[in-house]
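The sequence lines fix the lettering, A, B, ..., with proteins before strands; numbering per chain opens at 1.
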2 protein chains.
Amino acid sequence: MTETLNQLHVWYQGDEWCPITSTTTLIGKKWHPVIIHRLLEYGPSGFNELKRAVDGISSKVLSDSLEDLESKQLVSREIVNEKPVRVEYSLTKHGESLRPVIVSMRDWGTEYLAPAETPESSVV
Amino acid sequence: MTETLNQLHVWYQGDEWCPITSTTTLIGKKWHPVIIHRLLEYGPSGFNELKRAVDGISSKVLSDSLEDLESKQLVSREIVNEKPVRVEYSLTKHGESLRPVIVSMRDWGTEYLAPAETPESSVV
DNA sequence: CTGTATCCACAACGATACTG
DNA sequence: CAGTATCGTTGTGGATACAG
C-alpha cells in the first residue's frame, strides 16, 4: 500500500470513509487548487510572488491558505536567510502527487468553460 | 473548439479568466463531487436513493445541491409520472464530461488518504 | 416519496490598516 | 519582504419540523 498522509485520513460520510470527501476536505477551499497549481508549474515561490500570481487574493487569505496547506502536509515553508528575509513555499511530495487532480481540473475548465473570446487566459 | 457551458464561463481571478477557478466555482461545494460521482457510477437516481447513498447529507442540503447543479447544467431533473411521484436526477452531457476530474479525486483519495485498517470503504 | 420552511451556527472570505 | 490584527459580510451547511 502507498504511504498515506499522517493522521489526515479521518474523513467520513456518516459511518463510512469516502475518498472523495477526504480529498475535498484537503483541497476543497477556494484558493487551494490555484495555489497548488502555481507551485506545480513554477516551483518554489515567495509570499509576494504567490500573491501576485494568484490574482485577487488578499494577504490574509493567502496567509491563511498557506498555513492550512502546510498543516495538511501538502506545502512546506522554509525561511531563507537573506536580507530582506525571504520565505519559500514549495510542494511536499504529497503536494506534488496532486498533479493529476489539479491538471484534470484545469483541463476541464479549459475545455468547457473558456470564454468565447478566449483572451490571454492565465492559469496563474 | 469544444462547446462550452452556456453563460457559465464568467469566473475570473482579478482581471483574468482562470480555468481552475472556473471549475471550482462549479463543483467546489461540499457535496457536489460526491453527488456527481454517485450519478456517474450508478446512473440516474431518485431523491431518496441519492440521500441514502450520500451518507450524512440532509434533505435540505441535498435539495439545494441538486438545484445548484441543475442551474449549472451539470444535472438534469425529470419528473416521472408514477404514483407515488418519482423524480429522476441524471447527469447532463457536461456533467458526464466531469468524469476524469471526479475519478482523479477519488483515486488520489484512495491512494493517499485511506484509513490504515481499510474497512468497507464506500465511494458512495 | 420529494421535497420546503425556518432558523441558526460557524466557517470562509475580504477590506483595510498596521508591523518587524 | 512577509506577514498579523480587526472587523464585518456572506456563504454554506445542518437540525428540525412540516407539506403536497
Side-chain angles (χ1 to χ4, degrees), chain A residues 11-15 18 20-22 24-36 38-39 42 44-72 75-90, chain B residues 11-15 18 20-22 24-36 38-39 44-72 75-90 124:
Chain A
W11 299 291
Y12 293 77
Q13 277 186 39
D15 289 341
C18 170
I20 294 181
T21 302
S22 301
T24 57
T25 303
L26 278 188
I27 61 166
K29 299 223 287 184
K30 178 167 181 181
W31 300 97
H32 285 194
V34 164
I35 293 170
I36 294 168
R38 157 76 200 201
L39 293 173
Y42 290 76
S45 312
F47 186 87
N48 276 359
E49 206 174 345
L50 282 173
K51 186 158 150 54
R52 277 189 302 275
V54 182
D55 194 15
I57 199 170
S58 72
S59 290
K60 172 182 176 296
V61 173
L62 178 56
S63 183
D64 290 352
S65 301
L66 288 168
E67 196 179 333
D68 187 56
L69 287 168
E70 198 192 353
S71 81
K72 285 163 175 167
V75 161
S76 67
R77 180 179 187 273
E78 187 191 359
I79 300 176
V80 182
N81 265 334
E82 305 174 354
K83 39 172 195 174
V85 171
R86 251 184 61 78
V87 177
E88 195 170 82
Y89 293 93
S90 50
Chain B
W11 300 291
Y12 292 78
Q13 277 187 40
D15 289 342
C18 170
I20 294 181
T21 301
S22 301
T24 57
T25 303
L26 277 186
I27 61 166
K29 299 224 285 184
K30 178 166 181 179
W31 300 98
H32 286 194
V34 163
I35 292 170
I36 294 169
R38 157 75 199 200
L39 292 173
S45 312
F47 186 86
N48 275 2
E49 207 173 344
L50 282 173
K51 184 158 152 52
R52 276 188 303 274
V54 182
D55 194 15
I57 199 170
S58 72
S59 290
K60 173 185 175 292
V61 173
L62 178 56
S63 183
D64 290 352
S65 301
L66 288 168
E67 195 179 332
D68 187 57
L69 287 168
E70 198 192 354
S71 81
K72 286 165 175 164
V75 161
S76 67
R77 179 179 189 274
E78 187 191 0
I79 300 176
V80 183
N81 266 335
E82 303 174 354
K83 39 173 195 174
V85 170
R86 250 184 60 78
V87 178
E88 195 168 82
Y89 294 93
S90 50
V124 177

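By the 4.5 Å heavy-atom criterion applied to side chains, B/Leu39 and B/Leu50 are counted as neighbours. Counting heavy atoms from C-beta on, the side chains of A/Arg77 and A/Leu66 never come closer than 4.5 Å. At a threshold of 4.5 Å between non-hydrogen side-chain atoms, the residues B/Asp68 and B/Val75 do not count as touching. B/Phe47 has its side chain within reach of B/Leu62: a pair of non-hydrogen atoms, C-beta onward, lies under 4.5 Å apart. A 4.5 Å side-chain heavy-atom check between B/Thr24 and A/Val34 finds every atom pair outside the cut-off.
For A/Arg77, a side-chain nitrogen or oxygen approaches OP1 or OP2 of D/dG3 to under 4.0 Å.
Of the charged side-chain nitrogens involved, at least one lies within less than 4.0 Å of a carboxylate oxygen, so that B/Arg86 and B/Glu88 count as a salt-bridged pair.
Computed from coordinates, the A/Glu49 CD to D/dC1 P distance equals 10 Å when rounded to whole Å. Protein atom CD of B/Glu88 is 15 Å distant from nucleotide atom P of C/dC1, rounded to whole Å. What separates CD1 of B/Ile57 from C1' of C/dG3 is a distance of 13 Å, to the nearest Å. Atom CG of A/Asn48 is separated from atom C1' of D/dA2 by 6 Å (rounded to the nearest Å). Rounded to whole angstrom, the span from the CZ atom of A/Arg86 across to the C1' atom of C/dG20 amounts to 18 Å. Between the CD atom of B/Glu78 and the C1' atom of C/dC1 there is a distance of 16 Å, rounded to whole Å.
Side-chain to base pairing of B/Lys30 with D/dG13: no donor and acceptor N or O lie closer than 3.5 Å to each other.
With D/dG14, D/dA2, C/dA15 as the candidates, the nucleotide lying closest to the side chain of A/Lys60 is C/dA15. With distances taken from any side-chain atom of B/Tyr89 to the nucleotides D/dA2, D/dG13, C/dG3, the minimum falls on C/dG3. In the set C/dG3, D/dA2, C/dC13, the nucleotide with an atom closest to the side chain of A/Lys29 is C/dC13.
Looking at every heavy atom in both residues, B/Ser59 comes nearest to B/Lys51 through OG-CE, 3.3 Å.
Taking for each of A/Gly28 and A/Ser59 the nucleotide of DNA chain C with the nearest heavy atom, the 5'-most of the two is the partner of A/Gly28.
Note on A/Ser58: nothing from the nucleic acid sits closer than 4.0 angstrom, heavy atoms only. Within 4.0 Å (heavy atoms only), A/Val85 reaches sugar-phosphate atoms of the nucleic acid but no base atom.
Of the residues in residues 62-70 of chain A, those with a non-hydrogen atom less than 4.0 angstrom from any atom of DNA chain D are A/Ser63.
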